[in-house]
Amino acid sequence: MTAHTLPTPAEFCGWGGSTAAAREIQHQLAEKVVLTDDFGLLKVVAGVDVGFEDGGKITRAAVVLLDAETLEPLGHALARIPTCMPYIPGLLSFRELPAVLQALDSLDQTPDLIFSDGHGIAHPRGLGIAAHLGVVTGLPTIGVAKKILTGFHQPLGEQRGHQVDLVDKAGKVIGTVLRSKDKVRPLIISPGNRVSLESAAQLVMRYVTRYRLPEPTRLADRLASRRDEKRVAVSK
DNA sequence: GCGACAG
DNA sequence: ATCTTGTCGC
C-alpha cells in the first residue's frame, strides 16, 4: 500500500530506485497536503527523530509520546533497521521514514499530533519529511528544522517568540522562522499536514520550555542519538 | 556552468 | 547525522 508513497528501502539500495522517481512521488504527494487545522483537542503529542549507529550502517528512529497538557511522558518506541540510502538534500524522507514508520507502528497509542525533525512544506517540492510523514500516516504533523533548506526571510527579532515568514521565490509563505529562546539560532517551522502555518508556530511555542527545541522533538532527539548513554560513557 | 543543500 | 575536550560567554 505504501509502494506508491514510499519506495521500499530495498528499491533504493544500490540505486535501484532513481532520484527522479523519488522527486516525482514528492510532487504527487505534495498535492495531498492539507493546511487546515482539522484536529480536535490534543490529548497525546509525539516527537520523532532519527539517529545513526555503527558509522551510519544502522538507522535508528525514536518516537516519544507526551501528554499534550502536562508534557508527562506516556511512552516511547525505537526502531533500528539497516541503512540503505545515502543522505541527499531534498530526499531525506526516503532515507529516514521507513524506520520512523516502523517505530510508530510499534506504539500502542496513536498521537494526535507529531513534531518531526526536519521540514514540512518548506521544501523544494513542498514535501519535506514532516509533510511526507503526515500524508503517509494521515496524522497532523509539524516540521521543526534547525536550518533552512529553501526559502528566504526578513531580519528576525532577538527575543523569544519573535518570528518572521519564510517565503519561496514566488513570494509564497512556506514556513516561519521562530526564535524559540533569547539568544539562540532560530528554528524553522513549517506545517507538515493538517496544520496551518499560524498554528504550526504557535504549537511549537506551546511546547518549548527552557530549551531551544520543543519538548517532543528534544526528547525524541535524545533517544535517537543516545545522548544519555554517551554522556555516561564520556564522564566515566 | 556554479553554488546551495533538512538530517 | 556523526567523529569529539575544552572553553568562551550569557
Side-chain angles (χ1 to χ4, degrees), chain A residues 6 9 12 19 22-23 26 29-30 33 47-63 78-101 103 114-134 141-153 158-160 166-169 174-193 200 204 210-214 216-218 220-236:
Chain A
L6 230 199
F12 279 102
T19 55
R23 294 195 178 90
Q26 294 182 319
L29 292 188
V33 170
V48 305
D49 191 24
V50 172
F52 297 87
E53 300 177 14
D54 195 19
K57 295 189 182 70
I58 299 296
T59 297
R60 169 182 170 123
V63 181
L78 277 178
R80 300 168 71 255
I81 64 177
T83 300
C84 63
M85 198 190 132
Y87 165 69
I88 298 173
L91 298 183
L92 179 69
S93 61
F94 293 97
R95 169 176 164 88
E96 305 189 343
L97 278 192
V100 170
L101 294 174
I114 300 175
F115 288 84
S116 169
D117 206 40
H119 297 283
I121 63 171
H123 174 278
R125 291 168 291 286
L127 197 87
I129 187 168
H132 199 156
L133 175 63
T141 58
I142 293 175
V144 180
K146 306 173 196 66
K147 300 174 184 174
I148 290 175
L149 171 60
T150 186
F152 308 83
H153 68 85
E158 313 274 309
Q159 300 183 312
R160 171 195 173 97
L166 177 67
V167 301
D168 63 17
K169 289 180 180 176
I174 56 176
T176 304
V177 181
L178 175 68
R179 188 86 69 185
S180 56
K181 271 193 63 180
D182 285 353
K183 300 165 186 177
V184 298
R185 288 174 296 114
L187 293 178
I188 315 304
I189 309 303
S190 62
N193 189 38
V204 167
R210 57 174 302 196
Y211 304 94
R212 179 163 88 120
L213 296 174
T217 301
R218 191 178 71 83
D221 185 66
R222 283 191 147 200
L223 251 188
S225 299
R226 304 161 297 172
R227 305 261 182 253
D228 301 326
E229 303 170 37
K230 289 184 177 179
R231 265 198 167 186
V232 176
V234 171
S235 62
K236 197 172 182 182

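Note: hydrogens, waters and symmetry copies are ignored here, and every other heavy atom, side chains too, is used. Note on naming: letters A, B, ... go to the chains in the order of the sequence lines (proteins, then strands), and numbering restarts at 1 for each one.
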| Gln159(A) CD to dC10(C) P: how many Å, rounded? | 17 Å
| query | Leu149(A) CG to dA1(C) C1': how many Å, rounded? | reply | 15 Å
| Tell me: CZ of Arg226(A) to C1' of dT2(C), nearest whole Å? | 9 Å
| Between dA1(C) (C1') and His119(A) (NE2): distance, integer Å | 14 Å
| Taking the side chain of Arg227(A) as its heavy atoms from C-beta onward, which of dT2(C), dC5(B), dG7(B) lies nearest to it? | dT2(C)
| task | State the OG-CG distance between Ser116(A) and Asp49(A), to the nearest 0.5 angstrom. | result | 8.0 Å
| field | Tyr87(A) ring over dG7(B) six-membered base ring, under 5.5 Å and 30° | value | yes
| said: Need one value for Asp182(A): base, sugar-phosphate or nothing, where a base atom within 4.0 Å counts as base even if backbone is also close, heavy atoms only. | reply: nothing
| message | Mind checking if Ile188(A) touches a base, just sugar-phosphate, or nothing, with heavy atoms under 4.0 Å? | response | nothing
| Which distance, rounded to the nearest 0.5 Å, do you find between the OG1 of Thr59(A) and the CD1 of Ile81(A)? | 5.5 Å
| task | Mind checking the CZ-CD1 spacing from Arg95(A) to Ile129(A)? Nearest 0.5 Å is all I need. | result | 10.5 Å
| request: Any chance you could measure Ile148(A), atom CD1, to Ile188(A), atom CD1, to the nearest 0.5 Å? | output: 4.5 Å
| query | Using a cut-off of 4.0 Å on non-hydrogen atoms, how would the nucleic acid contact of Gly51(A) be classed: base, sugar-phosphate, or nothing? | reply | sugar-phosphate
| Spacing between Asp117(A) atom CG and dA6(B) atom P, to the nearest angstrom | 12 Å
| When we call it a touch if two heavy atoms are under 4.0 Å apart, what does Gly90(A) touch: a base, just sugar-phosphate, or nothing? | base
| Over how many whole Å does the gap from Met85(A) atom CE to dA6(B) atom C1' extend? | 13 Å
| message | Taking 4.0 Å as the cut-off, does a side-chain nitrogen or oxygen of Thr150(A) come that near to OP1 or OP2 on dA6(B)? | response | no
| note | d(His119(A) NE2, Thr150(A) OG1) to nearest 0.5 Å is 8.5 Å
| said: Closest approach to the side chain of Arg95(A), judged atom by atom: which nucleotide of dT2(C), dG7(B), dA6(B) is it? | reply: dG7(B)
| query | Got a minute to check which stems DNA chain B is part of, using Watson-Crick or G-U wobble pairs under 3.5 Å, three or more consecutive? | reply | none
| Test item: Gln26(A) side-chain N/O and Gly90(A) main-chain N/O as donor-acceptor pair under 3.5 Å | yes
| remark: Per atom distances to the Lys183(A) side chain, the nearest of dA1(C), dA6(B), dC10(C) is dC10(C)
| field | Spacing of CD1 belonging to Ile142(A) relative to CG belonging to Asn193(A), to within rounding of 0.5 Å | value | 11.0 Å
| task | Using whole Å, report how far CD1 of Ile148(A) lies from C1' of dA6(B). | result | 11 Å
| message | Using whole Å, what does the distance between atom P of nucleotide dA4(B) and atom CG of Leu91(A) come to? | response | 20 Å
